[in-house]
Amino acid sequence: MSSDSLSPEAAILVRPSGPLRGTVKVGGAKNSVLKLMAASLLAPGRFTIRNVPAIADVAWMGELLEHMGVSVNRVGDVLTVEVPDQLTPEAPYELVERMRASIVVLGPLLARFGRAKVSVPGGDDFGHRPIDMHLQALEELGATFSTSHGYIEGRAENLVGTRVLLEFPSVGATENLLMAAVLAQGTTVIDNAAREPEIADLADFLNAMGAKISGAGRSVMTVEGVTELHAVEHTVIPDRIEAATYLAAVGVAGGEITIAGARADHMSMLLRKVGEMGMEVNPVVDGLEVKVDQRLRSVDVSTLPYPGVATDYKPLFVAMLSVADGVGIVTENIFAGRFRYADELVRMGADIRVEGHHAVVRGMAALSGAPVRAPDIRAGAALVIAGLAAEGETLIAEAHHIARGYQDLVGNLTALGADVSYA
Ligand code: EPU
């Protein structure tokens with residue numbers, strides 16, 4: 001089934017599975033490609049982006065660009081983005097409301113066209129998600145904003161580089177600032193920048209376009225503004241969260257798998273943690289070999305900005321800890337409200353107590369299959385993983401959330417021998 005066509009009613013049926021065997025290939029990183037598509041707005045011409053996953057979020061970002069007058073086409077995993085000389089710098093409510101990541105068009109639109117009108121993103125399943133840092137950072141370069149009728153209108157006659165200290169290493173704020181700074185006059189220094197591999201991928205893309213960015217992947221980035229950029233070809237980095245999903249699958253189901261395309265250097269902290277839990281992970285050429293022949297041991301996990309354990313890995317850890325030996329304490333430090341799926345795991349017999357931004361997870365010998373609901377992309381994937389270690393049938397409703405971030409989770413797990421199908 002194509003992810004773009006998954007209806008909101010689609011459900012995934014999971015039966016007890018394992019041990020898993022075989023090879024699975026990781027696609028391009030969702031959280032990179034969405035930003036590369038936004039960065040294309042910075043120059044006219046034809047961009048070719050390779051290793052692009054066929055997921056709903058990419059289709060939606062494509063729709064947003066098309067709404068502005070850009071033409072976007074996919075053939076296999078290659079996306080062609082043709083950006084005209086002039087376009088409508090507007091992101092309407094219907095599209096932003098569907099996908100918060102749309103906010104990253106703000107920086108490039110202001111930098112190239114001097115104006116932008118973007119719907120204010122609302123909250124979501126993670127709770128309140130402000131964009132104050134995005135706006136403050138762009139204001140420091142000289143942009144001005146007004147908000148009315150649910151829209152932010154930005155103006156920037158002349159962006160001028162300066163030192164910007166981010167209050168928190170926000171991924172989105174760093175990206176918006178970076179995409180504005182590349183065309184600003186003079187030098188911008190981004191202090192306390194996010195260091196995620198997807199930021200480095202964006203900086204590589206922008207540098208290939210003619211930008212002058214140094215320090216990507218470090219806390220202090222320097223951007224020397226240029227007057228013009230040009231279209232490029234680029235291959236997206238692999239999705240470390242998708243790779244982590246297959247690690248979690250073999251973690252709960254046991255077995256021996258190869259995760260082709262995964263980059264160990266993007267997942268160091270995660271690999272250390274799963275090693276402590278008893279997984280044997282060996283980096284091989286262009287991938288990871290993973291072996292699990294015992295019940296996992298519980299560990300404590302705290303989410304932190306990169307290179308810490310990513311918040312997106314957390315539901316996967318909670319699923320693994322639900323069937324591990326012992327008690328693990330999971331602390332969420334990025335998104336206050338990101339424990340809502342715990343109730344779904346409890347419906348499957350997990351012993352999870354949530355207090356504020358901590359969850360205490362006591363491992364059970366097995367879970368018990370139940371009808372549950374996927375609240376968001378990663379939590380939905382974690383429920384599928386939990387289902388592998390649950391007696392009976394687990395039916396995950398609202399599986400369209402999963403299709404936002406995974407091209408073919410069902411097909412890939414099935415190829416490893418798991419009993420997973422669409423229902
Ligand atoms: N924050 C603010 N003000 C801002 C911006 C962020 O208070 O102006 C806060 C957020 O509320 C949050 C923290 O700062 O508490 C970190 O948010 P960040 O800006 O780093 O996150 P993001 O850019 O909105 C991206 C990913 C998320 C991932 C986070 C953290 C994309 C499209 N999204 O979100 O991925 O969880 O970074 O690594 O890149 C997903 O893939 O499903 C996903 C949600």
Side-chain angles (χ1 to χ4, degrees), residues 27-39 53 55-58 60-61 64 96 98-107 118 120-140 145 152 164-179 190 192-202 236-237 239-245 266-267 269-270 302-316 331-341 357 374-382 401-406 409:
K30 168 180 86 75
N31 289 349
S32 187
V33 70
L34 296 176
K35 322 308 168 62
L36 304 182
M37 292 171 77
I55 54 177
D57 274 23
V58 167
W60 291 346
M61 184 58 95
L64 175 57
V96 177
R98 211 154 55 166
M99 188 180 65
R100 291 191 97 262
S102 314
I103 190 68
V104 292
V105 300
L106 189 58
V118 177
V120 182
D124 62 10
D125 254 15
F126 301 177
H128 177 54
R129 286 179 75 177
I131 53 160
D132 54 323
M133 282 187 246
H134 299 235
L135 301 184
Q136 193 182 347
L138 294 169
E139 276 171 352
E140 290 191 38
F145 295 100
I152 306 166
V164 181
L165 173 63
L166 294 176
E167 195 178 322
F168 183 89
S170 152
V171 171
T174 302
E175 290 163 339
N176 250 332
L177 177 57
L178 190 59
M179 289 190 273
I190 310 179
N192 201 22
R195 298 159 64 188
E196 272 70 3
E198 293 76 21
I199 303 272
D201 201 26
L202 174 61
V236 182
I237 58 168
D239 197 312
R240 62 200 164 99
I241 317 292
E242 187 189 359
T245 308
H266 288 172
M267 306 169 70
M269 199 65 79
L270 171 82
S302 267
T303 63
L304 282 172
Y306 193 84
V309 172
T311 174
D312 294 330
Y313 295 146
K314 192 193 55 185
L316 300 167
T331 303
E332 172 61 60
N333 293 307
I334 312 292
F335 292 111
R338 206 173 183 182
F339 268 124
R340 298 187 182 174
Y341 58 92
H357 64 128
D376 66 63
I377 306 173
R378 310 301 173 188
H401 285 298
I402 298 173
R404 287 190 54 181
Y406 294 86
L409 185 61

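Every number for a ligand or one of its atoms is a count from 1 in the order of the listing.
- By the 4.0 Å heavy-atom criterion, Lys35 is counted among the residues contacting ligand 1.
- Note: no N/O pair closer than 3.5 Å links Leu34 and ligand 1 by distance alone.
- Taking all atoms of both residues into account, the shortest heavy-atom contact from Ala374 to His401 is O-CD2, 2.9 Å.
- Listed here is the closest heavy atom pair of Val236 and Ser32: CG1-CB, 4.0 Å.
- The nearest non-hydrogen atom to atom 25 (C) of ligand 1, considering only Val171, Asp312, Thr311, comes from Val171.
- No part of Glu198 comes within 4.0 Å of ligand 1, judged by heavy-atom distances.
- Residue Phe335 has no N or O atom closer than 3.5 Å to an N or O atom of ligand 1.
- Taking only nitrogen or oxygen atoms, main chain and side chain alike, Glu175 does not reach within less than 3.5 Å of ligand 1.
- Near Ile377, with a cut-off below 4.0 Å to any heavy atom, the atoms of ligand 1 are 42 (O).
- Contact detail for Thr245 and Tyr406: the closest heavy-atom pair is OG1-OH, 2.7 Å.
- Atoms CG and NE2, from Asp239 and His266 in turn, are 11.5 Å apart once rounded to the nearest 0.5 Å.
- Heavy atoms of Leu135 found under 4.0 angstrom from ligand 1: none, in either backbone or side chain.
- No salt bridge links Glu198 with Lys35; every basic N to acidic carboxylate O contact stays at or beyond 4.0 Å.
- If you number the atoms of ligand 1 from 1 as listed, the ones under 4.0 Å from a heavy atom of Gly172 come out as 19 (O), 23 (O).
- Nearest-residue assignment for atom 2 (C) of ligand 1 (options Met133, Met99, Arg378; heavy-atom criterion): Met133.
- Looking at ligand 1, you'll find an N or O of Asn31 within less than 3.5 Å of one of its N or O atoms.
- Atom numbering of ligand 1 starts at 1 in the shown order; those under 4.0 Å from a heavy atom of Phe168 are 13 (C), 14 (O), 16 (C).
- The backbone N or O of Ile241 lies less than 3.5 Å from no partner atom in the side chain of Asp312, so there is not a single donor-acceptor pair.
- Between the CD1 atom of Ile190 and the CG atom of Leu165 there is a distance of 11.5 Å, given to the nearest 0.5 Å.
- Contact annotation: for Tyr306 versus ligand 1, there are no heavy atoms closer than 4.0 Å.
- Within a 6.0 Å radius of CD in Glu139, more than 12 heavy atoms belonging to other residues, nucleotides or ligands are found.
- Using a 4.0 angstrom heavy-atom cutoff, Pro130 counts as in contact with ligand 1.
- Residue-ligand proximity, Ala101 to ligand 1, at heavy-atom distances under 4.0 Å covers atoms 32 (C).
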